[in-house]
Structures are given as structure tokens and as C-alpha cells.
Amino acid sequence: MTQSTNFVDVYPVQWRDDQVILIDQTRLPLEYTEVAIADYEAMGHAIKSMVVRGAPAIGVAAAYGMYLGARRIQTTELREFVAQLEFVADQLRQTRPTAVNLFWAIDQMLNVAYHSGENVEQVKANLLSQAQQIQLDDLRTCQAIGAAGLEALPREPQQLTILTHCNAGALATAGYGTAIGVIRAAWSAGRLARVYADETRPRLQGAKLTVWECVQAGIPVTLITDNMAAHCMQQQRIDAVVVGADRIARNGDTANKIGTYGLAVLAKMHAIPFFVAAPLSTVDFALDDGSQIPIEERDPVEIYQPGSIRITPEGAEFYNPAFDVTPASLITAIITEQGAIAPGQLADLEA
Ligand SMILES: CSC[C@H]1O[C@H](OP(=O)(O)O)[C@H](O)[C@@H]1O
């Protein structure tokens, strides 16, 4: 276990010593622990159990998971190799259903296997290179999103107070973050007074991860419970809302952590700009609107036992959707690596 130090740069997924090293995000903020992942089964478990989480980070992790699966395949016959790699892909696809980056990254890796050579060993090498490229591209994309977000933020006041939800930070990406990337860019540019972070029940990624990232970066942060957001807006404490995304439909409807939709409704009510920050790899152009986005339902224990103590008696039933869908009509702009886009113009960016 590596004790926490003052991190300026946080990389939740690293290729080191011929294996993947993950920050164990279930142990933050009290413990900074890294775990080594040497096979695709362990990577699948790490994604499902949220050791690694956040749409782009899940994509990077799945890409490396594909390589870990590929390197173990023994055959030298390419067709058989591809068939076994498609089995690995199917296993990784079953980990979490909402973040499209997972499926996008797996497809990127399969394309390399389909089209990058006749020699199995060469294809394996190409797969590692592709996973590393996906990771590097996402880091650069987040930095571009930060710059684009800085341009899109309100001009007044000079120093903004931004509310964010869950964690769309370095920990949720290859580094730097999407929504937190915008926050980092605003802080560097002297345009940020303070971050308000929703704790984000039930997994508390805001309280545990976003606050940790802000404290590590020296960014002033105020933690609030989810049910305080309306009051803070009514008190005119919030100048803008910036959140991440797990899957965006071609019309701009956006799936993000549960509670995002409510924030968007509140922001509309209080005439506060509401931004979604996400790479284009999070857009699912195959979906016409958000009604088609699969919403993950997680173990109810996350609700009734957020720590070590059960907080509700036996006898109740539970509903634990991990995401909700914010309609495009409530989104001021989607901040991508190609700039801030009106939700209705997203389809024009389809490659
Ligand atoms: C940079 S996208 C992060 C996105 O993913 C989070 O979900 P989870 O923690 O369950 O993986 C949340 O929706 C964030 O906005």
C-alpha cells in the first residue's frame, strides 16, 4: 500500500512491470492502495466492483483487459485466436451496462485483432499498443475538454462557484478528468472561486473521490449532501453546474450518475447553466434518444449499508438505479474535445 501524498497528477490505470496497476477507488480517501491486475478475469471483477470506475477509465481498463486476455491465448492460428479473444470481449462486456466507453474500447481492440496482421504474436503486440493509445488519447481528450469548458463557462462572475456531481475527475478517466477537467482548467486560469461537491449517494463518489481530488489539487471544495443542492441554488451560491456522462444519445440526452437529472431540473428552475463534459467516445450515435440507454441497477446493500452499519430495518424492498437520464432540453452545452456543442448539434459530429 502506498501512502497518500500530495498528488497533482492522478492516473487510475497504469501499465507497469508488464501488468495493469489500478488505484483501488473503493479504499479512497482514507487509504491510497494500488492493486496489480494480471488477467482479464481480475480486470472484469475490478470494473464490476468499482475498484476502477468512471466511463473513460472503464474503457481504458477494458482495453487493457482485452490485452491481458489476448496474451494468454496459446494458439498460433489467427482464426482461433480471434475466436478466443471474442470470448474475452463478451466476458468484459458483461461487467457494467451503461458506460458506452467500455463497449467502444472493446470494439477498438477487436478491430485491431481483425485487421492488424496475420501473425498472432504481432497482433498481441498491436493490442497492447492500442490499449496504450486509447489511454493516451483519453488523457489528451480530457485536457482538451478542460480547455473547451473554460471557454464555455459564464463570463461573470470572474471567479465562479461550480457545483459538480459524483466524480468525473482524473479517477474516472485516464487522468485530469472531464467535469473536473473543466474545474482544473478554470482553477488554473483564475476563474474558479470554489467547487461545491454533491456527496452522491449511494456510493458517495463525490464525498470520497471528488473531494479527495480537489484537496490533492489545492482546489477549494465544499461538500454538501445531495438534498442540499436546491437550497444552495436558491441561495444563489452556484454559478454553474458541470457533470460528467456515461452515455450520451445522438440527440444529446445524457445518462450520468443517479441524481444528475434532478440537478438539471433545479438548474433550469434557477436559470443556472448546466454543462455535461464528456469525450465523443461517450456518445452512442446508434441511439436516437436517452430512452434506449441501459440503466445499471446495483446491489441494494449500497443503499442500506453505506459503510459497516446497516441503516434500515429488514422488511423493506429497494430500488438502486446507478444512473438516470437528463433530457437534452435541460443541458446548456455538451463540452467535448471538439468544443462546447449545443445538444441538438451533436449528431453533426458523427464520424
Ligand atoms: C468521466 S465520466 C464519470 C461518470 O461515471 C460515474 O459513474 P460510476 O462512478 O458509477 O462509474 C459517474 O456517472 C460519472 O459522472
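Both counts, for ligands and for their atoms, begin at 1 and track the order of listing.
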Ion pair [X]/[Y], N-O distance below 4.0 Å:
| X | Y | value |
| --- | --- | --- |
| E213 | R184 | yes |
| D107 | R93 | yes |
| R201 | D226 | no |

Contact check, V243 vs ligand 1, heavy-atom distance below 4.0 Å: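 V243: no contact with ligand 1 (<4.0 Å).
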
W187 side chain reached by P220 side chain, heavy atoms, under 4.5 Å: yes

Can you pull out the closest protein heavy atom to [atom]? Residue, atom name and distance to 0.1 Å, please.
| atom | value |
| --- | --- |
| atom 6 (C) of ligand 1 | R53 NH2, 3.7 Å |
| atom 13 (O) of ligand 1 | D246 OD1, 2.5 Å |
| atom 11 (O) of ligand 1 | G54 N, 2.8 Å |
| atom 15 (O) of ligand 1 | N256 OD1, 2.5 Å |

Distance filter under 4.0 Å to [X] heavy atoms, resulting ligand 1 atoms:
| X | value |
| --- | --- |
| P56 | 1 (C), 2 (S) |
| R96 | 8 (P), 10 (O), 11 (O) |
| T178 | 1 (C) |
| M50 | 9 (O), 10 (O) |
| A245 | 2 (S) |
| Q205 | 8 (P), 9 (O), 10 (O) |

Aromatic ring pairing Y64/W15, orientation class (parallel under 30°, perpendicular over 60°, tilted between): parallel

Matching residue for I248 among T282, V325, L287 - test: side-chain contact (heavy atoms from CB on, under 4.5 Å):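 It is T282, the one option of T282, V325, L287 that forms the side-chain contact (heavy atoms from CB on, under 4.5 Å) with I248.
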
Joint hydrophobic cluster, L127 plus I58, side-chain heavy atoms closer than 4.5 Å: yes

Polar contact flag for N167 and ligand 1 (N/O pairs, less than 3.5 Å):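 N/O-N/O distance below 3.5 Å does not exist for this pair.
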
Any donor-acceptor pair under 3.5 Å from T95 side chain to Q91 backbone: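 No.
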
